[in-house]
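Just so you know, these numbers use all the heavy atoms, side chains as well, and skip hydrogens, waters and symmetry mates. The sequence lines fix the lettering, A, B, ..., with proteins before strands; numbering per chain opens at 1.
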There are 4 protein chains.
Amino acid sequence: MNVETKISAVRAPQQGRSRASFERMLIAAEELMSERGTDDFTLNDVGKRGKVSIGSIYCRFDSKDDLVRAVQTRVLERVNAEQLAMVERARTEASDLVVLVDRLVEGTAESLRRFADVMRPFMLRASTDTVVAAQGKARYVEIADAVCAALLEHTAEIAQPDAERAVHSAYRILYSSIARYLGFGSTMGSAWDGDWQILKEDLARMIAAFLTMPPRIA
Amino acid sequence: MNVETKISAVRAPQQGRSRASFERMLIAAEELMSERGTDDFTLNDVGKRGKVSIGSIYCRFDSKDDLVRAVQTRVLERVNAEQLAMVERARTEASDLVVLVDRLVEGTAESLRRFADVMRPFMLRASTDTVVAAQGKARYVEIADAVCAALLEHTAEIAQPDAERAVHSAYRILYSSIARYLGFGSTMGSAWDGDWQILKEDLARMIAAFLTMPPRIA
Amino acid sequence: MNVETKISAVRAPQQGRSRASFERMLIAAEELMSERGTDDFTLNDVGKRGKVSIGSIYCRFDSKDDLVRAVQTRVLERVNAEQLAMVERARTEASDLVVLVDRLVEGTAESLRRFADVMRPFMLRASTDTVVAAQGKARYVEIADAVCAALLEHTAEIAQPDAERAVHSAYRILYSSIARYLGFGSTMGSAWDGDWQILKEDLARMIAAFLTMPPRIA
Amino acid sequence: MNVETKISAVRAPQQGRSRASFERMLIAAEELMSERGTDDFTLNDVGKRGKVSIGSIYCRFDSKDDLVRAVQTRVLERVNAEQLAMVERARTEASDLVVLVDRLVEGTAESLRRFADVMRPFMLRASTDTVVAAQGKARYVEIADAVCAALLEHTAEIAQPDAERAVHSAYRILYSSIARYLGFGSTMGSAWDGDWQILKEDLARMIAAFLTMPPRIA
DNA sequence: TATGAATGAGTATTCATTCAT
DNA sequence: GATGAATGAATACTCATTCAT
């Protein structure tokens with residue numbers, strides 16, 4: 001696995017026929033990666049499934065790594081659109097901090113769950129591919145910022161002295177726990193111990209407790 | 001990557017010379033995996049670094065997979081020994097729940113951090129190798145149980161209605177957050193956002209808050 | 001040596017350049033097998049001799065076994081074409097049974113002798129590779145049937161009560177004796193005892209005697 | 001497969017314990033070769049099955065080839081003893097040439113059949129191992145001579161002008177046909193076309209006809 | 001631009017043989 | 001002698017990438 005830092009050089013065509021085969025490449029690659037991870041598929045597989053020639057793929061992408069990163073871009077686009085919409089809905093509809101926390105935990109959890117299969121390969125790859133890691137992080141930050149902004153609209157209800165830091169920690173912990181459950185980092189196979197429902201409930205409780213309970217006087 | 005369920009059949013010699021070369025294999029393999037992951041090294045690399053012939057390796061292990069799993073076993077042995085000792089120290093020395101939480105968070109975080117490089121490859125591999133995943137989970141459960149038992153010695157201080165569930169959720173979230181920071185599941189490369197110190201502090205606060213604050217009346 | 005039953009999946013190209021390199025592979029493989037048998041050559045050898053890359057070979061054949069079987073198919077094609085032509089000539093030109101037997105023995109013997117080097121490897125391999133064995137047998141039966149049909153045109157001259165059975169036995173014995181002399185089954189190396197000319201003569205005499213002499217009354 | 005001409009250098013021990021383990025090596029090797037042929041077994045297999053160390057094997061034999069040839073010697077010893085006894089019985093008990101032919105065909109066929117599994121590996125190997133081929137041939141000649149001598153006791157009944165040549169041709173053809181049926185040269189897998197009983201009958205008839213029918217006047 | 005045949009470096013694994021104990 | 005651990009050359013097969021058509 002090459003860990004090139006070189007930014008991907010995708011050449012997306014605008015015209016109909018080319019556009020269509022370009023699309024098929026990306027879809028085929030995405031499917032294959034969801035099924036087998038970023039390593040266990042070949043460009044021949046992509047060609048076969050997408051009804052595209054190897055040559056065509058190399059017309060559009062400089063390398064297999066490039067293709068992987070392009071697929072990641074598309075996937076994260078979808079994920080972020082959905083998550084930002086979810087945050088927006090929660091923000092406008094939640095009356096108080098605790099309810100907002102509930103909705104954000106639920107929304108984040110279910111959204112990530114829906115995308116788990118397509119995101120997992122990139123999450124795993126991130127540990128060896130810095131380009132994938134960087135893009136993942138940039139997109140993570142977008143959502144983190146949106147979530148934190150929503151929570152900070154209720155700063156008055158936050159008991160922690162540094163509200164900004166507190167909400168960022170909260171989101172980080174929320175994301176980590178969900179991601180691990182879904183097997184992104186996998187650790188113990190995707191079917192972790194414990195129960196999805198319990199995880200969501202306790203995450204919500206924990207975050208709510210953390211934000212609303214004043215820290216002990218040292 | 002083979003996802004065999006067959007348990008590894010390691011043939012460990014007891015005598016001096018053999019034992020020594022056996023040791024060198026495992027050390028070389030462990031180093032290589034820490035540096036490059038479980039896939040990007042060859043048995044020839046192991047042979048070269050460990051001053052052993054490939055044939056010797058195949059005398060001891062049925063396959064490369066077998067070697068990987070054997071190294072995992074050794075690593076987890078060390079990790080668990082240290083973590084269980086840490087838990088025991090925290091348990092006996094901490095006077096109240098909050099202090100105990102502090103020490104467990106700190107201890108867990110620092111211990112995992114120390115072992116991050118050797119554990120990471122197995123964590124990543126777990127998503128495709130069920131044998132590695134199973135062994136990882138079994139070892140995780142051991143520590144989780146020890147930590148939870150320590151916390152449950154302070155059941156009186158726990159405000160959550162179901163103390164057992166609460167401590168398990170707490171440890172799970174603690175582990176997930178630390179692991180993600182250390183890049184086990186990585187997501188965004190090991191150099192995550194945020195700060196190690198802050199993560200530890202806020203995890204401790206959050207868990208303490210969760211355990212000690214009574215849940216809201218619905 | 002794999003004894004797969006899967007039928008070989010050869011992908012023969014039709015166009016000029018591809019066709020030529022495909023041809024070179026098969027020729028190189030055939031030569032190597034004639035010289036060293038079906039086991040003692042590597043695909044790298046084939047590549048080197050045929051000026052083809054190993055990759056190219058794997059483009060055309062699924063495995064080394066596949067290549068071996070493909071070469072067998074080609075060889076048997078040539079052998080059968082020649083033998084069937086020979087039988088046809090003998091059939092039309094021979095006036096009576098004894099003359100026909102003479103010509104068939106001579107024709108079969110000389111034809112097999114000409115092809116001995118290319119056929120030998122497959123004959124030997126047949127004992128462990130059922131696919132090779134099956135193809136060999138199918139091609140053997142074709143010629144056996146042609147020879148027997150030719151002989152049965154002289155049923156009136158055959159003294160054996162069951163003429164069909166008799167001619168089949170005759171051909172079987174003829175084939176076995178020639179094949180063994182040529183070292184197909186080898187036994188004692190190709191340079192057997194006895195003399196080629198004598199073998200042919202006595203085979204002809206024996207078959208003629210068998211077919212024309214009435215069985216003793218029990 | 002090395003085709004060394006060097007004569008095998010077996011060092012057979014005379015003492016009890018050594019003798020026993022020597023015996024076990026040979027038995028294990030013979031069994032393995034009957035089951036898998038002369039190539040598809042390892043010296044480790046021999047060691048394991050015969051409860052002997054690899055080193056011990058190399059104490060007695062210079063190489064794997066050497067072991068194979070030693071086993072061949074033992075096997076042919078048994079085969080020849082049985083066949084010679086069979087020929088002797090047939091010789092003394094048969095009253096006339098035709099009856100003798102019948103008994104020799106039957107006896108040869110059944111004897112070879114009984115030994116088919118142990119002989120087959122050597123027959124196949126003979127085509128690439130000249131030492132095995134030479135030994136095989138020498139032992140073949142012994143029996144051929146005995147059979148021919150028995151037949152020549154009935155020279156008066158033999159109509160062929162050159163009785164010596166005729167009986168040798170007869171035996172050669174007999175042996176070839178039986179051997180091929182039993183899959184020594186295998187050709188088409190051991191289960192050839194046709195039927196064992198028919199083969200034996202027609203071989204007997206053919207040889208009898210050949211020996212007793214005067215050749216046509218040219 | 002598109003194709004897909006061709007390339008060939010790279011890798012896990014086997015096994016006859018050696019040799020220190 | 002006996003043992004069996006160690007050796008390492010050898011080999012089938014994969015797949016990202018190139019390039020002639």
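If you check every strand for non-hydrogen atoms under 4.0 Å, C:Ile54 touches a base. At a threshold of 4.0 angstrom between heavy atoms, the contacts of C:Phe41 are confined to the sugar-phosphate backbone, with no base atom among them. At a threshold of 4.0 angstrom between heavy atoms, the contacts of D:Thr42 are confined to the sugar-phosphate backbone, with no base atom among them.
For the contact set between residues 23-30 of chain A and DNA chain E, defined by any heavy atom under 4.0 Å, there are no members.
Ranking F:dA6, F:dT3, E:dA12 by closeness to the D:Ser56 side chain, first place goes to F:dT3. Taking the side chain of D:Tyr58 as heavy atoms from C-beta on, and the options E:dA16, F:dT3, F:dA16, the nearest nucleotide is E:dA16.
The main-chain N or O of B:Ser63 is never found under 3.5 Å from a side-chain atom of B:Asp66 such that the two would form a donor-acceptor pair. A donor-acceptor distance shorter than 3.5 angstrom exists from the side chain of B:Gln72 to the backbone of B:Val132, with no hydrogens or angles considered.
For the pair C:Asn44 and B:Cys59, both in contact range of DNA chain F, the more 5′-proximal nearest nucleotide belongs to B:Cys59. The 5' end of DNA chain E is approached more closely, in terms of each residue's nearest nucleotide, by C:Ser53 than by the other of B:Asp45 and C:Ser53. Along DNA chain F, the nucleotide nearest B:Ile57 and the nucleotide nearest C:Leu43 are compared for position; the residue whose nucleotide lies closer to the 5' end is B:Ile57.
OP1 or OP2 of F:dA6 has at least one side-chain nitrogen or oxygen of B:Arg60 nearer than 4.0 Å. Put simply, B:Ser21 has a side-chain N or O that comes within less than 4.0 Å of OP1 or OP2 on F:dA6. C:Ser18 has a side-chain polar atom (N or O) that falls below the 4.0 Å cut-off from OP1 or OP2 of E:dA6.
Spacing between atom NZ of B:Lys51 and atom C1' of F:dT7 amounts to 16 Å, rounded to whole angstrom units. For the pair C:Phe61 CZ and F:dT14 C1', the interatomic distance rounds to 18 Å; values are reported in whole Å. Spacing between atom CG of B:Leu32 and atom C1' of E:dT11 amounts to 15 Å, rounded to whole angstrom units. Rounding to whole angstrom units, NZ of residue D:Lys48 and C1' of F:dA5 are separated by 13 Å. Atom pair D:Arg36:CZ and E:dT14:C1' shows a separation of 14 Å (rounding to whole Å applied). Put simply, CG on A:Asp65 is 15 Å from P on F:dC15, counting in whole angstrom units. In this structure, the CZ atom of D:Phe22 is 12 Å from the P atom of F:dG1, given to the nearest Å. A:Lys64 has its NZ atom 9 Å from the P atom of F:dT17, to the nearest Å.
Interatomic distance, A:Arg69 CZ to A:Leu67 CG, rounded to the nearest 0.5 Å: 10.5 Å.
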Return a table of donor-acceptor pairs under 3.5 angstrom between the side chains of residues 50-58 of chain A and protein atoms on other chains or two or more places apart.
| unit_1 | atom_1 | unit_2 | atom_2 | d |
| --- | --- | --- | --- | --- |
| A:Ser53 | OG | A:Ser56 | N | 3.1 |
| A:Ser53 | OG | A:Ser56 | OG | 2.9 |

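Screening D:Leu26, D:Val71, D:Leu43 for a side-chain contact (heavy atoms from CB on, under 4.5 Å) involving D:Phe61 leaves a single residue, D:Leu26.
Among all heavy-atom pairs drawn from C:Ala28 and C:Val46, the shortest one is CB-O, 3.8 Å. For the residue pair A:Ala133 and A:Ala126, the shortest heavy atom distance occurs at CB-O, 3.5 Å. Residues B:Phe41 and B:Thr38 approach most closely at CE2-O, 3.2 Å, considering heavy atoms.
Using a 4.0 Å cut-off between charged nitrogen and carboxylate oxygen, A:Arg125 and A:Asp65 count as a salt-bridge pair.
Stem analysis of DNA chain E (Watson-Crick or G-U pairs, both distances under 3.5 Å, runs of at least three) returns E:2-21 with F:2-21.
Proximity of D:Ser21 to D:Arg60: side-chain heavy atoms (C-beta onward) are nowhere separated by under 4.5 Å.
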